[in-house]
Each structure stands twice: as C-alpha cells, then as structure tokens.
Trainee: 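Before anything else, here's the structure in question.
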Amino acid sequence: MKTMNNLKRTAVAAMAFLMVGVSCSDEFLEIAPAGALADAQVGTKDGIDGLLIGTYAALNGVFGNRFEGPNHWITGSIMGGEANKGTDAGDYSAINPFQRYEHDPTSGDINNLWRGRFEGVNRANKVLAALTAAEDILPADASRLAGEARMLRGHFYFDLKKHFNNIPVFDETLAAGEIIEITNTASDAWGQIEADFQFAYDNLPGENGAGRVNKWAAAAYMGKAKLFQGKFAEAKTWFDDVIANGTTSNGIKYALLEDYAQIFNAENDNHAESVMDVESANNTGNVQNANAFDDLNYPYNTGPDGPGNCCGFFQPSFELTNSFRTASGLPLLDKSYNSDPIANDYNVESDDAFTEDAGPLDPRIDWSVGRRGIPYLDWIEHPGKAWIRSQPYAGPYSPKKFIYYKSQENSFTDGSSWTRGYATMNYNIIRYADVLLMAAEAEIEAGSLEQARTYVNLVRARAANPAFWVQENDGSGPAANYEITEYPPSQFASQASAREAVRFERKLELSGEGHRFFDLVRWGVAAEELNDYLAYESTLLVTKFGGASFTAGKNEYYPIPQTQVDIQGPEVLVQNPGY
C-alpha cells in the first residue's frame, strides 16, 4: 500500500489530494505500506504504478459517500424507478428529495460525487504528468501505464458527463491555476472521453492482469460512449470488435456465465462476463476497500439468520418487481403487469398466513428481488415484514444482488466495523450482457433487426436454463412458477417494436445495477417513464411519493453543486437548466 500527499489540488476538484490507503485482493494491488512518495520515487516505474493504484482506488469512491459508489444505487437505480430509498423517512433523509426529484444544487452528497470524480481525474493526470518526467521506464511500460491512466480518466469523465452533462475537462498538461479559465462545453467533454478511450485501446494489451483495465474494456467503453451520443454506426463497429475478439484482463474470452447468480458471487469474481470492474477486499485495516458504498443495503434486523443486519435501504420498487411478470414466457411490454401485480406481503405480519404468487414470472426476479417465502441465497426463506424496517414507508421487498452468502461471512466480508455488511465482491461497471444489449441497440438503429434479436435472445436463453433457477430449500423444485422464452421474429419486425424489447430486457437483466436512470435519459423517455412509475408507486407508498413528479428539461441531469459554482464563479460553471 502506498499513500500520496503534497499534490496540488485542482480548482475544479476544490479539495486537497487525500491520503488514501489502497489495498485490494488482486496481486497487483498488494503493495507494502510506505510514506508519502518523494519526487524521485514518483519518477520510477514502481512509483508511477503507486500513483496509478491511487487512481484505481478512486473508482470505489474517495469520500466514503454513498452517492459516489460505482454501482450508482441512488443516482442510477433509485432515480431510475428500480428501487426506493427504503428504511424509514428519518434515516439518511438527504436521499428523500432525490427519490422525489426535488433535489437542489446545495446537496452535499452531489458535491461529494462531483469532487470524488474530479479527484479521480486529478489522480490520472498526476500519473500522466509523472510519466513525462520518468527516466527509468521502458517505452512499452510507459505506454501501458499511460493507457491505464487515460482509460480511468475517460471513465471518470464519462461518469461526470452522464450525471451533470456540462462539465469542464482538462488534461495533465494544464496547470491547476489555469483550470478556472475553462468553460464547460458538452462537445469538449465527449472529445476528451473518446480520445482517452482511443488511446487506451491503442496502447493497452488484451491481458493486463486481473483487476486492471485492458484494451477490450476500452473498446466496450468507447462503444458505450458512442451509443450515448447517438453515433450508432460507430458504436456497432466497436461492439462488433469486442464481441468477436474481446477477453477479460486475465485472458478469458468474453462470454455469458451459465448461472446468472454467479455474476454476483464474490467467490467467482474476475469471471468471463467481467469487462470492467471495481475490485474489493476485506481485512485490510480499512473497510472502504470493501463495498462500503453498499453497507446500508441489506435487509433490516435479520439477526444471525440473515446478512448485514443493517440497514434496510435500497428496497426494490413495486413497479420493477411487477415487471418480471410474463405471459407465454415473454414480458408484458405494454405495462399491463401493473394490472396483474405480483402477490406480496405488504402490511402482512410475518407470523400471519401469506400465499405466494402463483403466476408466471421471469426467473431473474428471484436473483434480483428479495420477497417473502423465497429462499434468500443460502440464508433462510425471506420472512417478509420482519426483515423490513417500515413496510408502509418503503414496501415489502429487499435487495438481493450484491448480497453475500451465509457461507461467506467473515471470509468474503469485512466485519471489522460497525456492521457486518461489508461484502467483498467486485462490482462490474460493464459486463458482457450489458455489451450484448448495447450492441443490440446499435444493430436496431443500423437496421440489422435479426442480429439484435440474436443478441437479446442470448441473454434470455441464459436466464431460461432451469438448472440455475432458484430452488425451494426442501429440494422440491423451483421456488416459483418460472416461465421465460426467447423472442420470436415478430417482435423484431420493426425498429419500434425491437427497441421496446431491448429496452425492457435491459430493465430486467441489469436491474439494481445503476444503469436505468441514465438509459431512460439517453433514450429521451425519462419524463414519461418516471412519471408513470411515480403515479403507480404513489398509490401504494403515499407518504414517500404522494405529489412527486419528474420535471422534463430539468431532472434529466443533476445540478452543478452550488459549492463548486461559488468557488469557480458562474461564468465558469454554468448551472444546469431548471436549478
């Protein structure tokens, strides 16, 4: 582990470079503790690698703020209607206005998200600046280190862009004092992001060691950046390359895992579906190296029979859960699933009788949503209300992805802090199913509807394998009435109907992984979809959502933090519309 200090702050990040302890499970991050790096050390290959490790550490967040988490459970999933805050009204009440789309520029959480991502940019720039002065580095090593730094910088800028839209960009050649002269322009940001991913693709190897970024992660991210800009033909070219040739950084050909659940199992990290991930580790002396951003997101009051024992946040929504209803094995794309809602134990005591839903369901529901009567991983059957802090406020469901197994406690968790809920599974910023579904979008816009159907059906075929469905604890068979089939050609007979299918498949496949809000915004349907969500959800969770609405032309992007506007001046950081 190396720590760094005495680095100049950037005016945009508006804070001093933090002393950061970096430690992860992968060998390349296992570096012995040391003091601050002197200039002479920074000029060596090992010293620059130490700076680079600090840049990787920023992927996990810098300030211990849950908004900074790479899985964007608040800004991507809650804001995308997949879940609500959960718990009760008083706990972490700063999230309350966000789930109602009533947040404003004074939010300290948004300020920390901004600062944390620009801190990542700053760290990447320090690596690149150090490389220009290094003397003992072979050209191949210098190219690789620069490729990693620029890949990470591209990620931080992309993350800022999708949250705040109009952002300032700067590279390692610009002195901190000059940064305040930059204005924020969308075109400059996309140009910088694409240049960083292109450089990474050109200079990184395919095999770069587990946990590090490689050229194929850069290619996939470039395709994603093109997709966000509506450059569908260019996106298709990049996705074609990834699908045909891509491998993980430890040399495994990209592929869908047979078992959906294994994507979220810490014992299976760095698997064939992992395109770019955030590493985690336990027992390093700092729980921030575990998934600290998820430490609140476990069922409440579970005792020894359930994980985490705190704190009841991030409860899946009624609307998302109903979305797993199927008819003849296919999803109900017309949203009629809300007219046939999944049976739940809302306001039913755990000691009272409850009849589980008997209707047809997509099997991914029970790897994604914790619900009463269904085995909760290898713990017990979810008991319902006993594991929910306040059903009237937040509903009956619990999160289920990114939850550790009972058999993994104290081996794949870090229990050294105030809660047991520090899991050490990696979070995939991009995974292969995500790539296939993004590629399907690009194929649709290119007119290749049958190829798009092929990609979507690959994802559905994985989910349709009964060998990996959730089973009853007594071994009597599947835990629910699972029915799922592949899409027929008729659903992909037109671009409009094909888009419906792909977009809904992303909702089901990637639920709770932080993508939904940003998907809705880039598709231009956020106001329609989220106001429909609020209208339905508010009939059940009146206290939480009554009177809430999404404002088109405003809520698609987050406000530029007022603290940053005050520091830089409104002529430099122009506030987003509506704030």
Side-chain angles (χ1 to χ4, degrees), residues 8-18 20 58-80 85 92-125 153 155-170 174 176-186 188-190 192-193 292-293 514 517-518 521 526 550-551 553-579:
K8 292 174 69 176
R9 71 171 175 85
T10 68
V12 175
M15 54 86 64
F17 195 88
L18 295 182
V20 177
L59 293 173
N60 203 34
V62 175
F63 303 106
N65 176 273
R66 278 80 179 191
F67 280 68
E68 281 190 274
N71 62 347
H72 295 312
W73 64 274
I74 299 171
T75 62
S77 285
I78 289 176
M79 297 289 283
K85 184 194 76 172
Y92 202 165
S93 59
I95 300 176
N96 294 350
F98 284 87
Q99 64 188 355
R100 294 177 54 85
Y101 308 98
E102 296 170 353
H103 48 287
D104 64 48
T106 64
S107 166
D109 291 299
I110 286 295
N111 187 43
N112 280 337
L113 172 60
W114 175 279
R115 294 166 68 211
R117 293 302 182 262
F118 272 113
E119 178 61 26
V121 170
N122 186 39
R123 295 182 188 190
N125 283 340
R153 185 174 70 187
H155 162 74
F156 292 126
Y157 274 138
F158 183 93
D159 213 47
L160 285 160
K161 183 77 177 72
K162 73 181 185 183
H163 278 91
F164 300 102
N165 194 29
N166 291 318
I167 59 168
V169 292
F170 54 95
L174 196 64
E178 298 176 277
I179 293 170
I180 61 172
E181 299 175 5
I182 297 176
T183 58
N184 44 342
T185 65
D188 286 348
W190 282 125
Q192 181 70 62
I193 290 164
F293 48 85
F517 178 79
F518 307 107
V521 170
F550 181 99
T551 302
K554 172 184 177 181
N555 291 136
E556 289 86 353
Y557 295 102
Y558 292 85
I560 307 298
Q562 189 61 45
T563 299
Q564 303 302 321
V565 176
D566 292 342
I567 291 171
Q568 304 303 324
E571 71 282 358
V572 175
L573 294 179
V574 180
Q575 186 55 265
N576 281 328
Y579 296 103

Trainee: How far apart are the closest heavy atoms of A526 and F550, and which atoms are they?
Mentor: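 Heavy-atom minimum between the residues: CB-CZ, 3.8 Å.
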Trainee: Using the rule ring-ring contact (aromatic ring centres under 6.0 Å, His included), only one of F98, W73, F293 pairs with F67; which is it?
Mentor: F98
Trainee: Under 3.5 Å, is there a donor-acceptor pair between the side chain of N65 and the main chain of L113?
Mentor: no
Trainee: Rounded to the nearest 0.5 Å, how far does OG1 of T563 lie from CG of N111?
Mentor: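 Reported value, rounded in 0.5 Å steps: 4.5 Å.
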Trainee: Would you say W114 and I110 make side-chain contact, with heavy atoms under 4.5 Å?
Mentor: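 Heavy-atom side-chain distance check fails, nothing below 4.5 Å.
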Trainee: Are any side-chain N or O atoms of Y101 and backbone N or O atoms of M79, one a donor and one an acceptor, separated by less than 3.5 Å?
Mentor: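 Judged by distance alone, yes, a pair lies under 3.5 Å.
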Trainee: Tell me whether E68 contacts the main-chain N or O of F63 through its side chain, where contact means a donor paired with an acceptor under 3.5 Å.
Mentor: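 Yes: the side chain of E68 pairs with the backbone of F63.
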Trainee: Any side-chain heavy atom of D159 sitting closer than 4.5 Å to one from H72?
Mentor: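 In short, these two side chains touch, coming nearer than 4.5 Å.
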Trainee: Backbone N or O of Y558 within a donor-acceptor pair of the N576 side chain at under 3.5 Å?
Mentor: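 Yes; at least one donor-acceptor contact below 3.5 Å.
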Trainee: Is a salt bridge present between R123 and E119, judged by a nitrogen-to-oxygen distance below 4.0 Å?
Mentor: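 E119 and R123: salt-bridged.
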Trainee: To the nearest 0.5 Å, tell me how far K161 NZ sits from N166 CG.
Mentor: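 Rounded to the nearest 0.5 Å, the NZ-CG separation comes to 6.5 Å.
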Trainee: Rounded to the nearest 0.5 Å, what separates atom CZ in R153 from atom CD in Q192?
Mentor: 4.5 Å
Trainee: Can you sort out the partners of N96 under side-chain hydrogen bond (donor to acceptor under 3.5 Å, both in side chains), two or more places apart, ordered by chain and number?
Mentor: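 N96: side-chain hydrogen bond (donor to acceptor under 3.5 Å, both in side chains) contacts with K85, Y393.
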Trainee: Main chain of I560, side chain of Q575: is a donor-acceptor contact present, judged purely on distance under 3.5 Å?
Mentor: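 Answer holds: yes.
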Trainee: Check the pair N555 / Y579 against side chain to side chain contact (heavy atoms under 4.5 Å, CB included), numbers first and verdict last.
Mentor: CA-CA 9 Å; N555 291 136; Y579 296 103; 3.5 Å; yes
Trainee: For a side-chain contact (heavy atoms from CB on, under 4.5 Å) with R117, tell me which candidate from V62, I167, L160, N122 qualifies.
Mentor: L160
Trainee: When rounded to the nearest 0.5 angstrom, what is the spacing between CZ in F118 and OH in Y157?
Mentor: 6.0 Å
Trainee: What are the two closest non-hydrogen atoms of F164 and P561, and how far apart are they?
Mentor: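 That closest heavy-atom pairing would be CE2-CD, 4.1 Å.
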Trainee: Hey, what do you get for CD1 (I567) to CG (L573), rounding to the nearest 0.5 Å?
Mentor: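 Reported to 0.5 Å precision, the distance equals 9.0 Å.
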Trainee: Determine the minimum heavy-atom distance between S77 and G514, stating which atoms define it.
Mentor: OG-N, 3.0 Å
Trainee: Side chains of Q562 and D566: donor-acceptor distance under 3.5 Å anywhere?
Mentor: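 Yes, a side-chain donor-acceptor pair sits under 3.5 Å.
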Trainee: Testing the basics here: between G553 and P577, what is the closest heavy-atom pair and its distance to 0.1 Å?
Mentor: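 Smallest heavy-atom distance, with atoms named: O-CB, 3.7 Å.
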Trainee: To the closest 0.5 Å, what do you measure between OG1 (T75) and NZ (K162)?
Mentor: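 So the OG1 of T75 and the NZ of K162 are separated by 7.0 Å.
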